[in-house]
Amino acid sequence: AAGSTDYLEANAMQKIFLNTINEDLLPSVHTIAQSALLIWGENDLETPIADAHKMINELPDGKLIIVPNAGHFVYLDDPLAVQRSIEAFL
């Protein structure tokens, strides 16, 4: 993250950027009461697919969609797959 374009462009907000991306929300995931949809790129290097599996196992009512050949910005890599996933979930 420290070499990413987002981090470098954060300027005075770099510490906040690092705090945000380093925050572990997994211990709180089980408290989400409503249905939740996780859409994950199979080739996500920033947030690995293993994290998706950890989260989905903690969600009381969650669904995981893994988009093939997509990375961290799955909505840019395959917007149609994301749209269809959301429509089916809703």
Side-chain angles (χ1 to χ4, degrees):
S4 75
T5 303
D6 291 340
Y7 174 78
L8 296 173
E9 292 177 356
N11 299 316
M13 303 282 288
Q14 287 177 340
K15 183 167 177 32
I16 293 169
F17 180 87
L18 288 176
N19 288 342
T20 301
I21 64 170
N22 288 324
E23 186 174 10
D24 182 10
L25 298 174
L26 187 59
S28 303
V29 169
H30 73 279
T31 65
I32 298 172
Q34 62 275 13
S35 297
L37 174 64
L38 303 180
I39 303 174
W40 225 273
E42 109 180 296
N43 300 324
D44 188 337
L45 300 178
E46 285 76 20
T47 312
I49 198 85
D51 290 357
H53 291 291
K54 288 177 190 174
M55 289 177 70
I56 204 66
N57 288 334
E58 294 296 322
L59 282 168
D61 186 17
K63 180 173 183 173
L64 172 61
I65 302 292
I66 299 171
V67 179
N69 303 313
H72 186 65
F73 297 107
V74 63
Y75 56 90
L76 294 176
D77 294 337
D78 195 341
L80 189 56
V82 171
Q83 176 187 342
R84 288 181 177 154
S85 298
I86 294 170
E87 287 173 349
F89 180 75
L90 295 176

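Atoms considered below: every heavy atom in the structure, side chains included; atoms not considered: hydrogens, waters and symmetry mates. Treat the numbers as computed from the prediction; the structure is a model and nothing was measured.
His53 contributes atom NE2, which lies 14.0 Å from atom CD of Glu58 (distance to the nearest 0.5 angstrom). We find the CZ-CD1 distance between Phe89 and Ile39 to be 9.0 Å, quoted to the nearest 0.5 Å.
Linking ILVMFWY side-chain heavy atoms closer than 4.5 Å, directly or via other members, places Ile32 and Ile86 in two distinct hydrophobic clusters. In the hydrophobic clustering of this structure, Leu37 does not group with Leu80; members are Ile, Leu, Val, Met, Phe, Trp, Tyr whose side-chain heavy atoms approach within less than 4.5 Å, directly or through other members. Hydrophobic clustering (ILVMFWY, side-chain heavy atoms < 4.5 Å, transitive): Met13 and Leu18 are in distinct clusters. Val67 and Ile56 fall into different hydrophobic clusters, where Ile, Leu, Val, Met, Phe, Trp and Tyr are joined by side-chain heavy atoms under 4.5 Å apart, directly or via other members. If you chain together hydrophobic residues whose side chains sit under 4.5 Å apart, Leu64 and Leu26 fall into the same group.
Put simply, the side chain of Asp78 never gets that close to the backbone of Val74: no donor and acceptor are under 3.5 Å apart. With hydrogens and angles disregarded, no donor-acceptor distance shorter than 3.5 Å links the side chain of Asp44 to the backbone of Ile49. The main-chain N or O of Thr47 is found under 3.5 Å from a side-chain atom of Trp40 such that the two form a donor-acceptor pair. Side chain of Glu42 to main chain of Ala70: no donor-acceptor pair is present (N/O by atom type, distance under 3.5 Å, no hydrogens or angles).
The two residues Lys63 and Ile65 have their closest heavy-atom pair at CE-CD1, 3.6 Å. The two residues Asp77 and Gly71 make their nearest non-hydrogen contact at OD2-N, 2.6 Å. Between Met55 and Leu38, the shortest heavy-atom distance links the atoms CB-CD1, 3.9 Å.
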